[in-house]
Amino acid sequence: MIVTRFAPSPTGYLHIGGLRTALYSYLWAKKNGGKFLLRIEDTDLKRNSLEAAKAIEEAFRWVGLKQDGDIYYQSKRMNVYKEHIQKLLNEGKAYYCYMSKDELDALREEQMKAKQRPRYDGRYRDFTGTPPSGVEPVVRIKTPISETITFSDGIKGEISVKTDEVMDDFIIARSDGTPTYNFVVAVDDHYMGITDVIRGDDHLSNTPKQIVVYKAFGWDLPKFYHVPMILNPQGKKLSKRDGAMDVMEYKKEGYLPEVLLNFLVRLGWSHGDQEIFTMDEMLEFFDPKDINKSASAYNAEKLLWLNAEFIKNMSYVRFEKELIYFGLDLKNVDKKEVLIDALRERAKTLKEFSQKAGAILERPASYEAKAVKKFLKANAKEVAKEFVNYLNGYKEDLDIPADYEKLIVGFLEQYNLKLKDIAQIIRIAIVGSAVSPSIYDIMCIIGKDELEIRVNNLIQFMEKRDEQN
RNA sequence: GGCCCCUUCGUCUAGCGGUUAGGACACCGGCCUCUCACGCCGGUAACACGAGUUCGAGUCUCGUAGGGGUCACCA
């Protein structure tokens with residue numbers, strides 16, 4: 001069985017890079033009938049916060065990635081790590097190092113000056129004398145000397161590093177006794193039964209260290225997949241400055257969770273020419289072997305396009321449900337289906353949708369100056385008045401947009417006008433600007449009575465304007 | 001700087017020794033049209049460079065250049 005995990009450290013919100021590796025892990029496990037686990041890496045008490053952990057969980061809930069079983073918190077497993085550190089100590093595979101932080105810094109500086117790679121010199125590796133007093137020791141693991149550590153990465157291929165060149169006896173327990181990252185990752189991945197580790201390729205260079213831990217305990221290695229980073233549009237590493245990194249920010253901006261997932265799955269992975277995937281299709285087609293080797297740049301326009309595609313095909317009930325978050329309650333809107341259909345092809349996000357809907361549902365607070373100047377010419381007032389008269393005398397049904405089209409056609413015939421002569425007047429009367437969905441749709445949405453009110457309001461406005469001139 | 005990784009249109013990518021190098025976003029035309037969109041049709045645009053291997057290279061090998069990652073008592 002395949003078991004994967006996502007293991008964020010709770011130092012901030014969940015960002016889209018993290019979400020993508022989580023998605024890949026989730027997909028790979030679920031596709032194979034396996035398990036996807038969530039582990040919060042909170043060993044560094046100073047930098048973690050409970051709120052951050054909660055924020056990550058909230059983001060997971062929003063996108064609908066559900067972990068199997070309970071969430072693991074490393075802070076609750078300290079005794080396990082301590083036991084294992086003790087075990088290595090007992091077996092002589094790790095040792096206490098009494099070098100103080102100051103001494104270490106001095107050594108590092110010296111090495112830097114000599115243009116050497118800063119590296120612990122192993123001075124306590126075989127130390128048997130009396131330890132210096134007043135120093136709380138750290139625990140270091142013995143990394144093999146003159147060995148080549150080789151592993152096969154599912155994305156990058158065969159990777160091998162020479163221990164003497166790039167590794168030293170790294171610290172597995174700080175002087176306060178708390179374990180460090182590379183140690184706990186290996187211990188947890190082993191006990192959680194992780195078979196496939198899918199993570200960002202910034203961890204590629206940590207992998208040999210974790211392998212040292214695995215080997216010290218004699219454990220089998222999981223498979224590793226190091227997925228390339230996501231770059232910003234400038235091709236640099238995505239950072240907070242690029243904005244919109246927080247997954248929850250996408251909710252606020254009116255993106256659908258499945259769109260974010262769809263967008264992310266295609267960033268660095270593909271299945272032929274397919275752009276749009278349902279969750280079932282992602283599960284069917286995803287395979288980490290198809291993940292690209294190179295980093296990919298974040299492309300906000302494509303995300304927007306994808307969101308628009310999904311909105312175009314979204315159900316009415318889903319619209320009603322999602323729009324509540326944006327302060328738009330469609331429950332009492334009589335022609336909500338006409339509203340939705342009129343706007344779904346004009347709004348790329350739910351946020352934009354709710355703004356545009358508001359412009360139709362609420363009476364315009366003012367009339368856009370440019371539109372007034374361009375379309376409300378001298379005869380506009382008369383045309384509008386004639387329209388109100390015609391509307392008052394109109395006895396046919398006014399229920400669907402086509403009924404309003406009949407209304408307009410009749411009006412144009414009677415007064416020998418062109419559609420152009422009336423369309424913008426009605427539009428401005430209803431939404432206050434020269435841009436909106438079809439006038440038949442928006443007339444239908446607000447209904448006959450409201451239509452009359454709004455056209456009259458516009459007539460009043462024009463009268464006032466004409467008086468001033 | 002050492003080590004590791006990467007390199008096809010502006011961007012996401014397809015390609016797995018023989019292709020007019022395909023698709024998508026964006027962009028530019030045109031059509032549709034009551035405005036704006038949507039939709040439809042069409043277009044511009046890429047194999048980083050240099051050597052090999054081969055009858056033949058985007059595809060294999062090696063260099064060069066460029067980009068990224070990483071070198072903590074952070075994760």
Side-chain angles (χ1 to χ4, degrees), chain A residues 7-11 41-44 46-48 74 97 99-101 104-105 108 112 115-120 136-140 153 155-157 159-162 165-168 170-182 184-185 200-208 226 228-229 231 233 235-237 263 266-276 290 292-306 308-309 312 342-348 356 371 374-375 405 408 418-428 431 433-440:
Chain A
S9 63
T11 52
E41 310 222 319
D42 52 356
T43 54
D44 184 2
K46 278 175 253 143
R47 292 166 38 128
N48 296 322
Q74 290 187 324
C97 170
M99 206 168 169
S100 71
K101 198 145 196 309
L104 231 189
D105 289 344
R108 190 172 296 138
M112 298 272 266
K115 295 205 165 157
Q116 289 172 312
R117 196 186 88 85
R119 184 169 187 273
Y120 173 65
E136 284 300 321
V138 298
V139 179
R140 290 181 181 271
D153 186 276
I155 295 169
K156 309 270 186 184
I159 311 266
S160 62
V161 294
K162 295 195 176 73
E165 280 177 14
V166 296
M167 298 174 73
D168 58 8
F170 59 93
I171 292 169
I172 58 174
R174 303 182 184 96
S175 45
D176 66 1
T178 56
T180 59
Y181 172 74
N182 284 115
V184 298
V185 167
D201 73 359
D202 48 338
H203 286 291
L204 198 59
S205 55
N206 282 322
T207 309
H226 287 96
M229 310 264 82
L231 273 23
K236 302 287 178 198
K237 190 185 181 186
F263 172 72
R266 273 290 281 103
L267 210 55
W269 174 85
S270 62
H271 180 258
D273 286 339
Q274 190 166 346
E275 296 289 348
I276 294 174
D290 298 324
N292 274 209
K293 288 171 171 227
S294 54
S296 28
Y298 174 86
N299 181 192
E301 275 111 19
K302 192 149 187 177
L303 174 63
L304 204 55
W305 167 78
L306 246 195
E309 286 298 304
K312 272 181 237 161
L343 253 25
R344 71 195 318 154
E345 306 206 322
R346 275 168 254 258
K348 290 184 193 295
K356 290 194 151 95
K374 185 164 180 196
F375 297 106
E405 184 169 5
I408 293 292
K418 294 265 169 50
L419 183 55
K420 282 188 196 307
D421 301 326
I422 184 75
Q424 291 302 65
I425 295 172
I426 291 177
R427 197 180 322 272
I428 292 167
V431 298
S433 84
V435 175
S436 87
S438 159
I439 54 168
Y440 308 130

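Proteins come first, then strands; the chains are lettered A, B, ... in the order of their sequence lines, and each starts at number 1.
- Residue side chain Asp201(A) does not reach the base of G69(B) through any donor-acceptor N/O pair under 3.5 Å, judged by distance alone.
- Cation-pi geometry between Arg140(A) and Phe170(A) is not met: the NZ or CZ atom fails to fall both under 6.0 Å from the ring centre and inside 45° of the normal.
- A donor and an acceptor atom never sit less than 3.5 Å apart when one is taken from the side chain of Ser296(A) and the other from the base of C12(B).
- Atom CH2 of Trp305(A) and atom C1' of A26(B) are 12 Å apart (whole Å).
- Applying the 3.5 Å distance criterion, the base of A26(B) shares no donor-acceptor pair with the side chain of Asn299(A).
- A straight line from CZ of Arg346(A) to P of U35(B) spans 11 Å, rounded to a whole angstrom.
- Base pairing of G1(B) is made with C71(B), judged by Watson-Crick or G-U wobble geometry with both donor-acceptor distances under 3.5 Å.
- Heavy atoms of Met99(A) sit under 4.0 angstrom from at least one base atom.
- For the atom pair CD (Glu345(A)) and CD (Glu309(A)), the distance works out to 9.5 Å, reported to the nearest 0.5 Å.
- Leu419(A) comes within 4.0 angstrom of a base, heavy atoms only.
- When heavy atoms are screened at a 4.0 angstrom cut-off, Ile408(A) is found touching no nucleic acid atom at all.
- Using a 4.0 Å heavy-atom distance criterion, Glu275(A) is classed as a base contact.
- Atom CG of Asp202(A) is separated from atom C1' of A72(B) by 15 Å (rounded to the nearest Å).
- When heavy atoms are screened at a 4.0 angstrom cut-off, Ser438(A) is found touching base atoms of the nucleic acid.
- Gly268(A) comes within 4.0 angstrom of sugar-phosphate atoms only, judged by non-hydrogen atoms across all strands, and of no base.
- For the OP1/OP2 pair of C12(B) and a distance below 4.0 Å, the side-chain nitrogens and oxygens of Lys302(A) include no atom meeting the criterion.
- As judged by a 4.0 angstrom heavy-atom cut-off over every strand, Ile439(A) is placed among the base-contacting residues.
- Under 4.0 angstrom from either OP1 or OP2 of A14(B) there lies no side-chain N or O belonging to Arg266(A).
- When distances are taken from the side chain of Ala297(A) to each of C73(B), U11(B), C71(B), the shortest belongs to U11(B).
- The distance between atom CG of Asp273(A) and atom C1' of A21(B), rounded to the nearest whole Å, is 13 Å.
- Atom NZ of Lys293(A) is separated from atom P of G58(B) by 20 Å (rounded to the nearest Å).
- Val138(A) comes within 4.0 angstrom of a nucleotide base, judged by non-hydrogen atoms across all strands.
- Atom CZ of Arg117(A) and atom P of G69(B) are 18 Å apart (whole Å).
- Closest approach of Glu275(A) to Arg266(A), counting heavy atoms only: OE2-NH2, 3.3 Å.
- The shortest distance between the side-chain N/O atoms of Lys312(A) and the OP1/OP2 oxygens of A37(B) is not below 4.0 Å.
- As judged by a 4.0 angstrom heavy-atom cut-off over every strand, Arg344(A) is placed among residues making no nucleic acid contact.
- Across the protein-nucleic acid pair, Glu309(A) atom CD and G39(B) atom P stand 6 Å apart, rounded to whole Å.
- Judged by closest nucleotide on RNA chain B, Gln424(A) is the one of Gln424(A) and Met229(A) placed further toward the 5' end.
- For Glu345(A) and Arg427(A), each mapped to the nucleotide of RNA chain B holding its nearest heavy atom, the one lying further toward the 5' end belongs to Arg427(A).
- Heavy atoms from other residues, nucleotides or ligands lying under 6.0 Å from CD of Gln274(A) number more than 12.
- Within the structure, every side-chain polar atom (N or O) of Asn206(A) is placed at least 4.0 Å from both OP1 and OP2 of C71(B).
- Following rounding to the nearest Å, Leu304(A) (CG) and C27(B) (C1') show an atom-to-atom distance of 15 Å.
- No engagement by Phe263(A) is indicated, since no non-hydrogen atom pair under 4.0 Å with the nucleic acid exists.
- Side-chain N/O atoms of Ser436(A) include none lying less than 4.0 angstrom from OP1 or OP2 on U35(B).
- Ion pair Glu165(A)/Arg117(A) not flagged as a salt bridge, since none of the NZ, NE, NH1 or NH2 atoms sits closer than 4.0 Å to an Asp/Glu carboxylate oxygen.
- Taking the charged nitrogens against the carboxylate oxygens, Lys418(A) and Asp421(A) have no contact shorter than 4.0 Å, which rules out a salt bridge.
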